[in-house]
Each structure stands twice: as structure tokens, then as C-alpha cells.
Amino acid sequence: MKTKYTSEIFEVLRRGRFICSNSPDDRLKMLYNILEEEETFYELQNYFAHINYNLEHGNEYFYFSRLESNTDLDRKLNKAFGWIDLLDFLKTFDTSFDVGFRFSPAEIVNQLKNNADLKNKLDNLKRLGADKKNYSERVKKIIEQLVKDDFVALENEMSETYKVLTSFNYLKELVTAINIPEEIENEIP
């Protein structure tokens, strides 16, 4: 039994997006609630598996994963390293940057003016706005990427306030999954 929203769920997830419990988009919240129903989730999980999409349930978010060839491994690793650098930048901006956190680009730009560590982390984000001249443009590029990857959403257009979505847990889980034993950590130059 498929839901009448199966094609809509597929269209959102097949683009590499997330369906989050705290999305400011009412339609995405509704899709989340549909997927949250255990019977519906398992039926859709089985249905999508037949077309080689794995419906996954994270910490208050849903997404698709797929088995891919080893040739895609380099691309995935580069993307993961970029996310790790981005997470480091965001946590340097504000250690409480997490699910539900609200921020504006202006707050990040103001911090960059006075925080040398944050400036250094921004410089490490070479592929995100490195071609831009000033902090505002670079921060805008970073936020555009976060929105594109479905980790934040514009909550208030007037105040230009963004909200961190539950899909941000995906990034945190990625970093947490990297386990480097202490003896190896001490050997790395």
C-alpha cells in the first residue's frame, strides 16, 4: 500500500535532500509525519528498494542512500571532508550551533571581524566562496550551500534569519562515526 504522497516523497529525496521534522516548510513537515508512521515507512522502504533507493531514517530526518561504485568514493570523501571543515567553521562561530539554532549572516560577518580563529577556519573553506572578496559574500556562499544541502532553511525573510534543521544531525553523526584510535592519532604528522 503506497501513500498518495509517494511520488512527492520520492521527488524530494531523490535530489539528495532531507525531509526534516523541524522544517519551516509545512509541506515537508507533513511528509515527515507521513514517513514517521512505522507501517508507512516500512512499506515505502520496501517499495523504493525495488528501484535501488534505500529509504533511511536518521535522528528526526529521512533521506535516500544508494549503493554506488568505488569510482564515486573519491567524490564522496571530498564532500565529507568539506562538510567536516564546514562543521568546524560553524562550531567556531558558535559552539551551540546545532539543530534548532537560529542565526543571520550578519552575526557571522560580525564575528569574523573580531575572531582570528574564525577567519582562519573561513580560509580553510577554499571551495566555498574563495573567489569572493569580502566576508559578506563568502558567508552568503556558505549559507547558500547549507540551504542547498538541506541543513538550514530560511525562517524569516525580513530579518534574514535561518534555522538549523534536524538533518544537521547527519553531519554530526558523520563526524562521530570517524573513530581514530588514540595511538594512531599520536602518530599522524
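- Put simply, the side chain of Asp25 gets close to the backbone of Arg27: a donor and an acceptor are under 3.5 Å apart.
- Counting heavy atoms from C-beta on, the side chains of Ile51 and Phe10 come closer than 4.5 Å.
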Hey, mind stepping through Arg138 and Asp123 against side chain to side chain contact (heavy atoms under 4.5 Å, CB included) and telling me if it holds?
CA-CA 10 Å; Arg138 292 191 72 188; Asp123 290 338; 3.4 Å; yes

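- A donor-acceptor distance shorter than 3.5 angstrom exists from the side chain of Glu107 to the backbone of Ser104, with no hydrogens or angles considered.
- Taking the six-membered ring where tryptophan is involved, the planes of Tyr53 and Phe64 are tilted, since the angle between them lies from 30° to 60°.
- Heavy-atom contacts from other residues, nucleotides or ligands closer than 6.0 Å to NZ of Lys148 number 12 or fewer.
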Could you go through Arg102 and Asp94, starting from their C-alpha distance and side-chain angles, then the distance that decides it, and tell me whether this counts as salt bridge (Lys or Arg N to Asp or Glu O under 4.0 Å)?
CA-CA 11 Å; Arg102 288 166 174 80; Asp94 191 316; over 6 Å; no

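- Using a distance-only test at 3.5 Å, with no hydrogens or angles considered, no donor-acceptor pair links the side chain of Glu155 to the main chain of Thr161.
- Note: the hydrophobic cluster containing Phe101 does not contain Leu165 (ILVMFWY, side chain heavy atoms under 4.5 Å, direct or indirect links).
- One N or O on the side chain of Gln111 and one on the backbone of Phe93 form a donor-acceptor pair closer than 3.5 Å.
- The structure places CZ of Phe18 at 12.5 Å from CG of Leu28, a figure rounded to the nearest 0.5 Å.
- Annotation: the span from Phe103 atom CZ to Leu90 atom CG amounts to 7.0 Å, rounded to 0.5 Å.
- Counted within 6.0 Å of NZ on Lys140, heavy atoms from surrounding residues, nucleotides or ligands total 12 or fewer; the atom is thus considered open.
- Taking CG of Leu125 as the reference point, atom CG of Leu86 lies at 6.0 Å (rounded to 0.5 Å).
- The six-membered or imidazole ring of Tyr61 lies away from that of Phe168, with a centre-to-centre distance of 6.0 Å or more.
- Remark: Asn110 CG to Ile108 CD1 distance equals 10.5 Å, nearest 0.5 Å.
- Judged as a salt bridge (Lys or Arg N to Asp or Glu O under 4.0 Å), and not counting sequence neighbours, Glu157 has no contacts.
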Could you go step by step and tell me if Lys141 and Glu137 meet the salt bridge (Lys or Arg N to Asp or Glu O under 4.0 Å) rule?
CA-CA 6 Å; Lys141 190 80 170 170; Glu137 290 176 353; over 6 Å; no

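- With contacts defined as side-chain heavy-atom distances shorter than 4.5 Å, the pair Val147/Leu154 does not qualify.
- In this structure, Leu13 and Phe62 approach most closely via the heavy-atom pair CD2-O, 3.6 Å.
- Scanning all heavy atoms of the two residues, the minimum distance from Ile143 to Pro105 falls at CD1-CG, 3.5 Å.
- Distance check, rounded to the nearest 0.5 Å: NE2 of His57 to OH of Tyr42 gives 9.5 Å.
- Between Gln45 and Leu55, the shortest heavy-atom distance links the atoms NE2-O, 3.0 Å.
- Using a 4.5 Å heavy-atom cutoff, the side chains of Thr6 and Phe48 are in contact.
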Between Asn169 and Lys172, is a side-chain hydrogen bond (donor to acceptor under 3.5 Å, both in side chains) present by the stated rule, with each step listed?
CA-CA 5 Å; Asn169 287 321; Lys172 294 184 336 188; 3.2 Å; yes

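- Between the OG1 atom of Thr92 and the CG atom of Asn120 there is a distance of 9.0 Å, given to the nearest 0.5 Å.
- Under the 30°/60° scheme for interplanar angles, the aromatic rings of Trp83 and Phe151 are found to stand perpendicular.
- Thr166 is not listed as a side-chain neighbour of Asn59, based on a closest heavy-atom distance of 4.5 Å or more.
- Looking at Asp98, its side chain never comes within 3.5 Å of a backbone N or O of Val164 through a donor-acceptor pair.
- Side chain of Lys121 to main chain of Asp85: no donor-acceptor pair is present (N/O by atom type, distance under 3.5 Å, no hydrogens or angles).
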List the steps, then state whether side chain to side chain contact (heavy atoms under 4.5 Å, CB included) holds for Leu31 with Tyr5.
CA-CA 8 Å; Leu31 294 177; Tyr5 299 103; 3.8 Å; yes

